[in-house]
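Notes follow once the structure below has been shown.
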Amino acid sequence: MPEVSKTMPEVSKTMAEPDNVLLDVKDLTMDFGGLRAIDAVSLNVCPGEIVALIGPNGAGKTTFFNCVTGIYKPTNGAVMVHPPEGKSQKINGFKSNRVTTIGMARTFQNIRLFQNMTVLENVMIGRHCRTTTSIIGAILRGSKTRRQERETIEISYDLLEKVGLVDFADEFAKNLPYGAQRRLEIARAMATDPFLLLLDEPAAGMNPQETKALDELIVRIRDKEKISILLIEHDMKLVMNISDRIYVMEYGKEIAQGSPMDIRNNPKVIEAYLGEDADA
Amino acid sequence: MEYFLELSSSGLVRGSIYALIALGYTMVYGIIQLINFAHGEIYMIGAFVALIVSGVLTIYGFSGVSILILAGLIAVIYAAAYGYTLEKIAYRPLRNAPRLSPLISAIGMSLFLQNYVLLAQTPDFLRFPALIPDFEFMEPIAHIMGSPELVILVTSAVSRVGLTVLIKYTRIGKAMRATQQDMTMARLVGVNVDNVISMTFIIGSVLAAIGGVLVGSYIGQINFYIGFMAGVKAFTAAVLGGIGNIPGAVLGALVLGLTEAYAAGYISSAYEDVFAFGVLVLILILRPSGLLGKAVKQKV
Amino acid sequence: MVDNIKRSLLVSIWFVFLTFPLMVVKVNTLKNIVEWRWINMLWVAIGAFVLSIVWRWAMERRQLKNKKAEQGEEESVLPGFGQRLLEDPKIFKPVLIALALVTLVFPLVVDIYQTNIMVLALIFVVLGLGLNVTVGLAGLLDLGYVAFFAVGAYTYGVLNSFFGFGFWISLPLGGLMGALFGIVLGFPILRLRGDYLAIVTLGFGSIAKIVIENWEEVFNGAKGIANIPRPGFFGAEMSIHTATTYTYYLMILMVLFAIFITNRLKDSRIGRAWMALREDEIACVAMGVDMARTKLGAYAFGAFWAGLAGVIFASRNTYINPNSFTFMESALVLSIVVMGGMGSIIGVIVAALVLILMPEYLRAFAEYRMLMFGAVMVLMMIFRPEGLIANVRRKYAGRKVVTEDANARG
């Protein structure tokens with residue numbers, strides 16, 4: 001058994017050729033005061049992949065997301081992005097709006113919708129960084145502004161259709177049921193035209209049917225929209241079903257990576273999850 | 001040099017007064033994250049009650065120290081009652097409202113209380129009797145620091161020590177600290193959070209009233225509007241020291257008091273408020289969590 | 001019922017105790033006389049008793065409403081008159097026409113004094129509309145808004161007294177100066193959260209007044225600037241009466257202009273970003289909105305209107321001094337926004353007219369004005385946080401109509 005876990009990561013690392021990677025995180029470290037929340041974690045995502053980041057509560061997964069999306073500035077390490085179009089760059093310390101504009105959009109573990117705006121408006125905000133109307137432009141409302149506005153509405157309705165929320169378009173976001181709020185967050189993130197979608201526990205609080213629908217939705221986003229996905233999730237069934245590769249974190253460190261099969265049989269992972277449903 | 005000492009003394013006096021008010025702000029903010037905009041009005045009401053009581057007592061022939069003690073005591077009781085009522089009416093119904101709501105409610109309360117005193121009493125300045133006696137032993141240094149200044153410094157310091165003891169060693173103090181850390185958790189382990197919040201307002205109001213009585217007696221006149229500026233300054237002091245942090249509020253108050261005194265003495269008294277706010281803006285930009293405050297990362 | 005009365009009696013006794021020294025006793029410390037006003041005690045007792053019953057009833061209703069909202073039930077009561085007024089064209093159109101007529105003939109049927117007050121009310125409408133963007137839409141609580149109003153007024157005053165600039169050149173300059181100050185003051189405080197922001201902006205407001213008061217060379221200190229010309233009309237000579245009427249129509253145009261522009265912004269990329277920023281700053285930035293730019297935009301835009309209003313204010317009064325720019329004015333504009341319903345344009349207009357005109361016409365009320373403002377601000381927050389006229393949410397017709405049609409056909 002130990003041999004397997006030692007060899008497998010090597011194999012998966014060769015899968016990620018540097019010229020064919022979207023997100024390449026190397027030795028990312030994050031300290032809070034004297035506390036090391038993330039310790040030299042490396043991770044990459046290739047085009048067309050669904051990559052999962054799992055680990056027990058408090059392992060530092062969300063902090064990792066926050067470092068990658070510019071909400072925190074990492075202490076050390078490099079976050080490199082290689083967008084399909086556009087130039088590669090190191091994005092450590094970029095503000096989160098710049099990260100999103102580059103093409104990586106996220107959802108939040110504790111849903112952060114714009115509660116008192118309508119469902120449609122929530123998605124329209126996602127279009128903000130892809131449109132250009134200025135204050136003056138909005139006042140004059142010229143043909144370009146009108147066209148952009150029309151497109152924004154058009155695209156937003158499309159996205160709502162894709163996540164199955166069209167019927168709620170004029171509802172306030174706060175009035176949506178829980179599962180629908182999570183899907184709305186995904187639609188809002190997709191509105192920013194990302195090449196990589198970062199989902200932070202998208203299935204949290206969902207019932208089995210909702211989780212199954214989410215499972216299909218994520219795969220559909222990857223296949224139809226050609227958006228790669230990095231997700232944090234506790235629902236092992238979902239993770240094992242849809243992920244191409246899985247990274248496991250514990251106490252801020254990366255303890256394993258590989259295909260779902262490897263991870264399922266990795267003794268370190270089993271140990272970390274002892275008592276949890278590692279073999280689900 | 002003497003001028004410098006004189007300014008320092010007046011700065012410390014101001015700082016001591018600011019500290020008494022700032023403690024109320026910082027305690028309330030620490031527990032319910034509200035700028036109690038009407039806190040300055042409590043201080044003003046404390047001063048007014050003391051003035052009224054001492055006026056009545058003077059006419060009925062009481063004298064000297066007995067007036068000071070009675071007036072102070074009644075002022076403190078009334079301030080506590082006002083603080084308690086204020087929280088119950090204007091803030092408690094808004095416990096779960098969006099953050100802006102209680103703040104606007106607080107501004108409304110501030111306007112209301114100011115105008116209540118204006119209408120019930122007078123819009124003019126009232127002469128406040130000099131309640132603090134002159135001590136002979138202060139005579140030699142009276143040009144730098146007189147008896148009233150000494151009394152203010154000592155009273156303020158004693159009140160602060162009292163507060164520290166209360167918070168560190170009593171049951172209610174422990175409950176207050178627990179509520180400040182985590183209100184939900186405190187409630188779960190059986191702390192009556194509503195009582196703790198009421199108590200916080202009461203303690204804060206008591207301290208503010210002490211400040212009000214001292215200031216009235218020191219400056220010699222009060223009107224309905226004194227609470228506004230004092231409140232803003234004291235809040236500035238609390239932010240300066242790191243809001244929610246009790247030693248920080250005292251430190252911030254003293255720093256602010258000295259800054260103002262020096263600015264007024266060496267530059268121009270007209271611009272002392274500009275300096276006070278300048279310091280506030282500077283601190284908030286350079287060190288948003290204040291001198292002694294801990295940086296809090298918002299959880300995402 | 002008995003319990004209710006018993007509790008109200010207790011409340012009444014409590015308030016009699018609470019208000020005793022301030023309401024009953026009045027000392028004259030110079031002459032050493034005490035005046036005992038026992039009658040006030042009676043009023044307080046009765047007032048507190050009645051209000052306590054009303055308060056408890058209102059609180060019960062509020063709880064009921066909240067419970068319903070929690071269970072997802074929309075309030076089933078008929079839409080309020082305000083709502084119907086806005087949505088039903090049958091009511092909406094004639095009311096609008098009548099309103100337009102009244103507005104047009106107003107200065108012709110009333111005297112110059114009334115017109116002048118109306119101009120002041122309209123100035124506050126513009127101020128309210130401006131602050132409504134900063135506070136209501138973008139959620140940035142600004143307690144020093146009066147500073148920008150002062151910037152506008154003094155821009156005109158100074159430019160006129162030093163360089164002889166006229167009203168029409170000064171008007172846009174005043175607006176731009178306001179916006180510029182909005183950006184300059186907004187920049188250092190971008191990162192501050194709501195309540196810190198409030199206190200710092202309050203500081204800015206006070207600083208502005210202190211600077212004006214003390215900088216004699218430029219602003220003429222506490223004496224203020226006099227002889228500021230009224231708005232001109234191609235150099236035509238105008239009597240005070242004509243000039244006032246003219247200013248009135250100008251103000252009407254300006255209000256319409258402000259409504260038009262704010263409305264357009266509200267339904268645009270920028271307006272949505274402002275609202276999103278108000279709702280959740282972190283999520284908003286994570287969705288690609290540039291926080292600094294958006295916030296500064298909101299500040300500058302709000303300040304721009306204050307600047308414009310300031311210029312008109314200076315020309316209406318023909319005299320300005322620092323006392324017109326105190327915290328009270330900021331609080332007044334803020335209560336206009338809060339009472340009107342944050343983000344609601346019609347609400348702001350109604351609130352501004354009510355708050356400015358009422359004390360002018362009800363002299364008895366004037367004395368109690370600030371007291372009432374304070375009470376109203378508290379009560380609004382507790383019982384009607386959405387304001388007099390709630391902001392109507394915008395529905396984007398477009399695709400939905402198309403899909404429904406398709407469904408109908410299919």
Side-chain angles (χ1 to χ4, degrees), chain B residues 33-35 45 48-49 51-53 55-56 58-59 74 78 81-82 85 89-90 93-94 97-105 107-117 119-122 126-129 228 232 235-236 239 268 270-271 273-274 276-278 280-281 284-285 288 298 300, chain C residues 14-15 17-19 21-23 25-30 32-34 40 55 59 62 135 139 141 143 188-189 191-196 198-200 202-204 206-207 210-211 213-214 282 286 327-328 331 334-335 338 342 367-371 373-382 385:
Chain B
Q33 282 79 50
L34 163 76
I35 298 181
I45 285 174
F48 258 94
V49 171
L51 174 107
I52 289 164
V53 171
V56 172
T58 313
I59 289 163
I74 295 177
Y78 265 98
Y82 270 92
T85 313
I89 292 179
L94 295 170
R99 279 182 76 101
L100 228 61
S101 304
L103 184 58
I104 290 171
S105 177
I107 295 170
M109 257 308 170
S110 167
L111 281 178
F112 182 87
L113 289 175
Q114 269 177 31
N115 286 278
Y116 154 68
V117 173
L119 293 168
Q121 293 287 317
T122 167
L126 286 177
R127 200 182 65 82
F128 201 100
F228 179 72
V232 171
F235 182 74
T236 305
V239 172
S268 157
Y271 284 98
D273 288 354
V274 175
F277 286 120
L280 174 71
V281 174
L284 282 177
I285 294 164
Q298 206 184 341
V300 179
Chain C
W14 175 250
F15 273 93
F17 160 73
L18 210 57
T19 53
L22 287 160
M23 294 290 286
V25 193
K26 191 169 183 180
V27 229
N28 187 325
T29 42
L30 290 177
N32 276 345
I33 323 171
V34 186
N40 282 351
W55 174 268
M59 279 309 229
R62 175 174 178 257
V135 179
L141 187 56
L143 296 183
I189 54 179
R191 281 174 22 215
L192 300 185
R193 275 218 325 266
D195 18 26
Y196 287 101
I199 207 85
V200 171
L202 190 146
F204 283 152
S206 316
I207 290 177
I210 295 170
V211 170
E213 254 168 357
N214 291 292
I282 289 180
F327 174 69
M328 279 306 131
L334 183 68
S335 27
V338 171
M342 298 223 228
E367 216 179 310
Y368 295 91
R369 169 160 84 159
M370 292 319 273
L371 189 82
F373 281 2
V376 162
M377 276 163 94
V378 176
L379 295 176
M380 288 296 269
M381 282 300 112
I382 296 175

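Reminder, nothing fancy here: chain letters follow the sequence lines and each chain counts from 1. Small disclaimer: the values here were computed from a predicted structure and weren't measured.
- For a residue to count as touching a neighbouring chain, one of its non-hydrogen atoms must lie under 4.5 Å from one of that chain's; by this rule Phe228(B) touches chain C with the side chain only.
- Contact of the Asn28(C) side chain with the Leu126(B) side chain is not registered, since no non-hydrogen atoms from C-beta on lie closer than 4.5 Å.
- Residue contact with chain C, scored on non-hydrogen atoms closer than 4.5 Å, involves the side chain of Val281(B) exclusively.
- Ranked by heavy-atom pairs shorter than 4.5 Å toward chain C, the options Gly55(B), Ala90(B), Ser101(B) are led by Ser101(B).
- Closest approach of Ala331(C) and Leu111(B) over heavy atoms only: CB-CD1, 4.1 Å.
- Neither the backbone nor the side chain of Leu379(C) comes within contact range of chain B, judged by heavy atoms closer than 4.5 Å.
- Rounding to the nearest 0.5 Å places NZ of Lys26(C) at 5.5 Å from OG1 of Thr122(B).
- Nearest heavy-atom pair across Pro21(C) and Val49(B) is CG-CG2, 4.2 Å.
- Both the backbone and the side chain of Ala81(B) come within less than 4.5 Å of a heavy atom in chain C.
- Phe204(C) pairs by the ring-ring contact (aromatic ring centres under 6.0 Å, His included) definition with nothing, not counting sequence neighbours.
- Between Phe15(C) and Thr85(B), some side-chain heavy-atom pair lies under the 4.5 Å cut-off.
- Put simply, the side chain of Val376(C) does not reach to within 4.5 Å of the side chain of Phe112(B), judged on heavy atoms.
- If you measure heavy-atom distances from Ala375(C) to chain B, the contacts under 4.5 Å come from both the backbone and the side chain.
- Note that CG of Leu119(B) is 6.0 Å distant from OH of Tyr368(C), once rounded to the nearest 0.5 Å.
- For Thr19(C), the parts lying under 4.5 angstrom from a heavy atom of chain B are both the backbone and the side chain.
- Among Leu280(B), Leu113(B), Val56(B), the residue with the largest count of heavy-atom pairs under 4.5 Å with chain C is Val56(B).
- Residue Val34(C) touches chain B through both its backbone and its side chain, counting heavy-atom pairs closer than 4.5 Å.
- The two residues Leu94(B) and Arg62(C) come nearest to each other via the heavy atoms CD2-NH2, 4.3 Å.
- The CD1 atom of Ile104(B) sits 6.0 Å away from atom CE of Met377(C), with the distance rounded to the nearest 0.5 Å.
- Annotation: side chain of Glu367(C) is not in contact with side chain of Asn115(B) (no heavy-atom distance under 4.5 Å).
- Both the backbone and the side chain of Ile52(B) come within less than 4.5 Å of a heavy atom of chain C.
- Residue Met59(C) touches chain B through its side chain alone, counting heavy-atom pairs closer than 4.5 Å.
- We find the CG-CD1 distance between Leu141(C) and Ile107(B) to be 5.5 Å, quoted to the nearest 0.5 Å.
- Distance check, rounded to the nearest 0.5 Å: CG of Leu103(B) to CG of Leu143(C) gives 6.5 Å.
- Residues satisfying the side chain to side chain contact (heavy atoms under 4.5 Å, CB included) test with Val211(C), not counting sequence neighbours, are Tyr271(B), Ile207(C), Trp215(C), Phe219(C).
- Proximity to chain C (any heavy atom under 4.5 Å) is shown, for Tyr82(B), by both the backbone and the side chain.
- Within the 4.5 angstrom heavy-atom criterion, atoms from both the backbone and the side chain of Phe17(C) approach chain B.
- Chain B forms more heavy-atom pairs under 4.5 Å with one residue of Val27(C), Val378(C), Leu371(C) than with any other, namely Leu371(C).
- Gln33(B) touches chain C through its backbone: at least one of N, CA, C or O sits under 4.5 Å from a heavy atom, while the side chain does not.
- One finds the CD1 atom of Ile382(C) at 8.0 Å from the CD1 atom of Ile89(B) (value rounded to the nearest 0.5 Å).
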